[in-house]
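Remember, it's 1-based here, ligands and their atoms both numbered in the order they're listed.
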Amino acid sequence: MLEELKKQVYGANMLLPKYGLVTFTWGNVSGIDREKQLFVIKPSGVEYDKLTADDMVIMDMEGNKVEGKYNPSSDTATHLELYKAFPKVGGIVHTHSSWATSWAQAGRGIPCYGTTHADYMYGEIPCVRCLTKEEIEGAYEKNTGLLIADYFMDKDYEAVPAVLCKNHGPFSWGKDANEAVHNAVVLEEVAKMAARCERINSEVAPAPAELQDKHYYRKHGANAYYGQK
Ligand SMILES: O=C(CO)[C@@H](O)[C@H](O)COP(=O)(O)O
């Protein structure tokens, strides 16, 4: 079942170590078949150099395992909540990539300091709050997904296809698993550049709005905008 999607999601997962986004097994990619209302996700704790397409786990939209010899990623409930909240999203990535995770641990969103950022993400990449004691002790991964979904309730999740979770790490998404990984790579690069930018000039200001507009709209068209213009 879903053999093509399993191969695509497997291939996307293998891009994480290729682009240096993961250490050990600190990451997971999923992809969804909206028609079948099923999604495919990396199995929990399986090392990338031992991973195969056949190891991918198939889940339904109630969080039940439909197929797979391994347990699904421990972040599966977060992926599920984001698929429910973001109907145009086809793929989701979670990593602990070090620069983006450093911003998440610092509790700061990543300002747009330049066109590299603006080409892919409109405005600041947000950092949502840490979960409360109750949320942490309850359904941690589900509550992480609900928190992200709530943040983007009145925002364009396609204009900023990434978020930082305070004291945890980044999530990114896209039209499919490969685009989600592409956005995860961009996130890590702009996180690195922004951290260095602030080290070089502690008083640096975000890029002018017109430069951010120009670059984002040139790539994404006038229909995609972030919030009220
Ligand atoms: O955030 C965490 C653990 O804190 C997880 O993302 C792990 O880093 C990966 O878990 P699996 O996908 O292997 O279950």
Side-chain angles (χ1 to χ4, degrees), residues 5-6 8-32 38-60 63-83 86 89 91-107 125-149 151 161-174 177-178 180-181 183-185 187-188 191:
L5 184 57
K6 287 168 72 173
Q8 184 193 81
V9 172
Y10 164 73
N13 272 281
M14 295 310 289
L15 296 177
L16 298 186
K18 177 182 176 182
Y19 286 105
L21 294 184
V22 293
T23 302
F24 305 130
T25 61
W26 303 345
N28 38 78
V29 183
S30 68
I32 189 169
L38 296 171
F39 66 97
V40 170
I41 193 162
K42 180 183 177 291
S44 182
V46 177
E47 293 176 25
Y48 292 93
D49 58 5
K50 297 183 175 64
L51 196 64
T52 69
D54 193 46
D55 295 334
M56 296 298 114
V57 181
I58 300 177
M59 304 294 295
D60 67 19
N64 304 306
K65 183 167 79 169
V66 172
E67 180 191 286
K69 62 182 175 236
Y70 294 112
N71 289 326
S73 165
S74 55
D75 295 299
T76 297
T78 305
H79 289 239
L80 174 53
E81 290 308 324
L82 296 185
Y83 282 128
F86 300 165
V89 163
I92 296 168
V93 175
H94 172 55
T95 74
H96 289 195
S97 58
S98 56
W99 287 96
T101 302
S102 298
W103 284 84
Q105 291 178 172
I125 299 165
C127 182
V128 294
R129 66 170 171 81
C130 185
L131 296 179
T132 63
K133 179 175 181 298
E134 293 70 26
E135 290 168 330
I136 291 169
E137 291 171 355
Y140 175 73
E141 289 79 11
K142 178 182 173 77
N143 288 328
T144 297
L146 291 172
L147 177 62
I148 296 169
Y151 175 85
V163 70
L164 306 176
C165 295
K166 191 172 187 302
N167 304 125
H168 184 180
F171 286 83
S172 56
W173 47 87
N178 286 313
V181 171
N183 287 329
V185 173
L187 171 62
E188 181 66 2

Protein contact to atom 4 (O) of ligand 1 [nearest heavy atom, distance to 0.1 Å]: His96 CE1, 3.7 Å
For Trp26, the atoms of ligand 1 under 4.0 Å from one of its heavy atoms are 8 (O)
Using 30° and 60° as the class boundaries, would you call the ring planes of His168 and His96 parallel, tilted or perpendicular? perpendicular
Can you tell if the side chain of Met56 reaches within under 4.5 Å of the side chain of Asn13, non-hydrogen atoms only? yes
Glu141 side chain reached by Thr76 side chain, heavy atoms, under 4.5 Å: no
Using a strict cut-off of 4.0 Å, indicate which atoms of ligand 1 neighbour a heavy atom of His94. 1 (O), 6 (O)
Would you indicate whether the side-chain heavy atoms of Tyr83 and Met59 approach each other to under 4.5 Å? no
Among non-hydrogen protein atoms, atom 12 (O) of ligand 1 lies closest to Ser73 OG, 2.7 Å
Report yes if some heavy atom in the side chain of Thr144 is under 4.5 Å from a heavy atom in the side chain of Leu131; otherwise report no. yes
Considering both backbone and side-chain atoms of His168, is one of its nitrogen or oxygen atoms within less than 3.5 Å of a nitrogen or oxygen in ligand 1? yes
So, regarding Asn28 and ligand 1 (criterion: nitrogen or oxygen to nitrogen or oxygen, under 3.5 Å), is there a contact or not? yes
Taking N or O atoms only and a 3.5 Å limit, does Gly45 qualify as a polar contact for ligand 1? yes
Tell me the nearest of Asp75, Thr95, Thr78, Thr76 to atom 7 (C) of ligand 1, using heavy-atom distances. Asp75
Ignoring hydrogens and angles, state whether a donor on the side chain of Asn183 or Ser172 is under 3.5 Å from an acceptor on the partner side chain. no
Enumerate the atoms of ligand 1 whose separation from the nearest heavy atom of Ser74 is less than 4.0 angstrom. 5 (C), 10 (O), 11 (P), 12 (O), 14 (O)
Quick one: which ligand 1 atoms are inside 4.0 Å of a heavy atom on Thr25? 9 (C), 13 (O)
Option among Lys42, His94, His79 that satisfies the side chain to side chain donor-acceptor pair (under 3.5 Å) test with Ser30: His79
